Amino acid sequence: MAPTKDPNTLSNHLEFSTAHTAISLTLSFSKSSLYGEVELTLKALADGLKQVVLDTSFLDVRAVAVNGKGAKWNVGNRVEPYGSPLKVDLEKAVNSQDEVIVKVTWDTTDKCTALQWMTPEQTSGKRHPYMFSQCQAIHARSLYPCQDTPSIKSTFDFSIRSPLPVCASGLPTGVHHFVPATSPSEPGTLAYTFRQPIPMPSYLMAIASGDIANAAVGPRSLVYAGPEELLRCKRELEDDVETFIKTAESLIYAYEWTTYNVLILPPSFPYGGMENPCITFATPTIISGDKSNVDVIAHELAHSWSGNLVSNASWEHFWLNEGWTTYIERRIQGKVHGDKHFHFSAIIGWKAFKESVELFGADHEFTKLVIDLRGKDPDDAFSSIPYEKGFNFLYYLDRLVGRERWDAFIPHYFSTYRRKSLTSFDFKDTLLSFFSKDSEASAALAKVDWDTWFYKPGLPEKPDFDTTLADACYALAESWQALNSSNSSFKPSPSDISGWTSGQIVVFLERITDFSTPLRKDLVELMRDEYGFLKSENAEILSRFLTVGLKAKDEKLYGKTAEVLGGWGRMKFVRPLYRLLNECDRELALKTFAKNKDFYHPICRGVVMKDLGIN
Ligand code: BES
Ligand code: ZN
């Protein structure tokens with residue numbers, strides 16, 4: 001594994017590697033900022049090194065010490081979109097294997113992109129403020145100075161002072177009273193400590209603090225949420241979490257992170273889920289009351305192996321994180337609910353894949369499996385493509401060598417790169433060498449056109465997925481299409497969809513939005529009345545129904561769209577709805593954004609502004 005330069009960091013990660021991070025943070029809700037002290041234990045990787053360069057982004061650096069002594073340092077000019085390099089001079093050159101301890105103190109600023117600070121009014125309980133982080137892909141540097149690249153992994157000690165309970169991506173080691181030291185803290189402040197003994201990359205550093213309670217949802221799992229939501233969250237998750245963990249263990253190997261907990265965040269959380277070690281962060285839109293969105297948990301749990309133990313070495317190889325995770329997630333679904341569900345989920349994924357390719361354009365760099373991110377922001381490359389092209393590549397290899405052989409490779413791969421980071425080329429070498437003594441498998445693998453899979457833009461050939469669960473959805477959509485072109489006697493009724501899973505409703509609605517002519521407005525209303533979609537508490541269903549309505553230019557749904565845009569901050573729902581509302585009624589789209597912009601996380605705020613063309 002020859003280390004390669006990560007183009008999305010300004011740190012000198014080929015010269016030094018962080019072995020341990022001891023981070024101490026003091027939260028100030030009144031100032032919406034935090035004061036931090038970090039001690040990075042860096043190991044030199046070459047001889048004669050005289051400078052350490054760390055990533056920072058909009059941090060107010062106060063002081064730097066090297067091995068306990070004040071050091072010469074400066075923060076270089078900002079380089080978009082990567083931030084400002086913090087350059088620290090070493091008094092004496094160091095050689096390979098030497099250790100240096102760099103200590104930095106800083107304050108975050110109001111430009112911090114990793115943190116969202118919420119006022120009590122913005123929370124559901126209305127009584128306490130809330131803050132949470134989202135560091136993937138390159139936002140950790142706006143929270144603390146670090147080598148912000150997934151190629152570097154470090155163990156962590158956290159100490160976080162807050163007047164409210166704290167969650168972090170480590171194992172809790174206590175809650176402590178302390179002697180207020182350098183910075184004054186808010187009344188009731190305690191120090192919450194955590195330890196992460198498994199080396200992890202900076203993007204998995206995560207914290208949240210607010211009025212958070214917890215309840216058990218399995219023998220090694222807790223759910224954390226606001227006290228008002230706790231019981232509902234517990235009910236949603238308690239049947240599945242341990243089943244998912246056991247199933248993943250049977251596919252790969254034992255879960256290593258001790259606990260697998262889930263924190264349910266406020267609705268402005270910008271993603272469905274984020275696989276922070278020991279504690280997945282999740283959107284409250286997965287709590288729909290019918291367990292229909294727990295697949296998000298299977299996905300984030302799968303990252304405990306793919307991504308968190310075995311990580312992509314740079315964001316150019318992001319498919320190794322998300323493609324593998326999507327593959328494992330679907331294998332879990334297949335084992336728990338039957339093989340049909342593996343295929344059904346793959347069908348839904350293929351559609352998202354196709355749409356992402358259309359949105360970028362079929363020749364676009366970001367439609368490749370392995371992408372060139374030099375000078376680019378990894379957030380701009382984010383789409384379903386790494387998930388689905390990655391999944392389809394792995395599923396292709398699975399069929400090529402055969403399930404039994406492939407299932408022997410899975411634990412081998414995850415053992416080989418456990419606690420390491422790798423590139424697509426390492427993956428290829430490991431796969432080929434694993435099967436090198438198996439002549440039949442080798443002959444099959446000789447057919448793989450690696451260059452095409454890695455570098456050809458656009459869609460690969462679509463596999464024959466089992467359409468058993470999708471067929472009924474397609475048939476019903478066809479009846480509606482016939483009705484739409486007025487040559488049918490079809491009479492819709494609630495029984496059309498009785499017994500359907502929410503996933504099937506999603507497939508049906510997505511098929512409708514695929515029609516070349518949008519649904520007539522009177523039919524949108526008929527659908528609303530017969531199927532009750534507008535009353536759905538399931539964000540997956542409601543957002544798809546609004547999509548159908550907006551494509552039909554049904555003015556009656558514009559208001560409801562504006563309303564949900566003020567209730568969710570999950571980008572998967574918010575971005576397409578803003579894009580469509582903008583096409584229907586730009587003024588309303590702009591007004592809705594202006595009204596809600598403080599509600600959104602900075603990452604979401606930024607992309608919606610780009611999507612709407614405002615600055
Ligand atoms: N790690 C991702 C979320 C992410 C990716 C955040 C890139 C920032 C940059 C997470 O595991 C994920 O894929 N979430 C999905 C869940 C889904 C595929 C089940 C999401 O948020 O929708
Ligand atoms: Zn993921």
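In this text, all values refer to a predicted model and were calculated from it rather than measured experimentally. Residues: numbered from 1 along the sequence shown. Counting convention: from 1, in listed order, for ligands and their atoms alike.
Within H303, the N/O/S atom positioned nearest the Zn ion (ligand 2) carries the name NE2. In H299, the N, O or S atom that comes nearest to the Zn ion (ligand 2) is NE2. Taking the N/O/S atoms of E322 in turn, the shortest distance to the Zn ion (ligand 2) belongs to OE1.
Using a 4.5 Å cut-off on side-chain heavy atoms (C-beta onward), F158 and M205 make contact.
In E537, the CD atom is not crowded: 12 or fewer heavy atoms of neighbouring residues, nucleotides or ligands sit closer than 6.0 Å. With a 6.0 Å radius and a threshold of 12 heavy atoms from other residues, nucleotides or ligands, K340 has its NZ atom at or below the threshold.
Between W319 and F427, the ring planes are perpendicular. Angles over 60° get that label, and only those under 30° would be called parallel. Ring-plane geometry between H341 and H337 is classed as tilted, the angle between the planes lying from 30 to 60 degrees on a 0 to 90 degree scale. Between W324 and W406, the angle of the ring planes stays under 30°, which puts this pair in the parallel group of the 30/60° scheme.
Among the atoms of E275, none of the N, O or S atoms falls under 2.8 Å from the Zn ion (ligand 2).
Side chain of R141 to main chain of Y82: a donor-acceptor pair is present (N/O by atom type, distance under 3.5 Å, no hydrogens or angles).
Evaluation of the ring-ring contact (aromatic ring centres under 6.0 Å, His included) rule for F533 yields Y531, F545 as partners, not counting sequence neighbours.
For ligand 1, the protein residues within 4.0 angstrom (heavy atoms only) are Q134, Q136, Y271, G272, G273, M274, E275, V296, H299, E300, H303, F318, E322, F382, Y387, R570.
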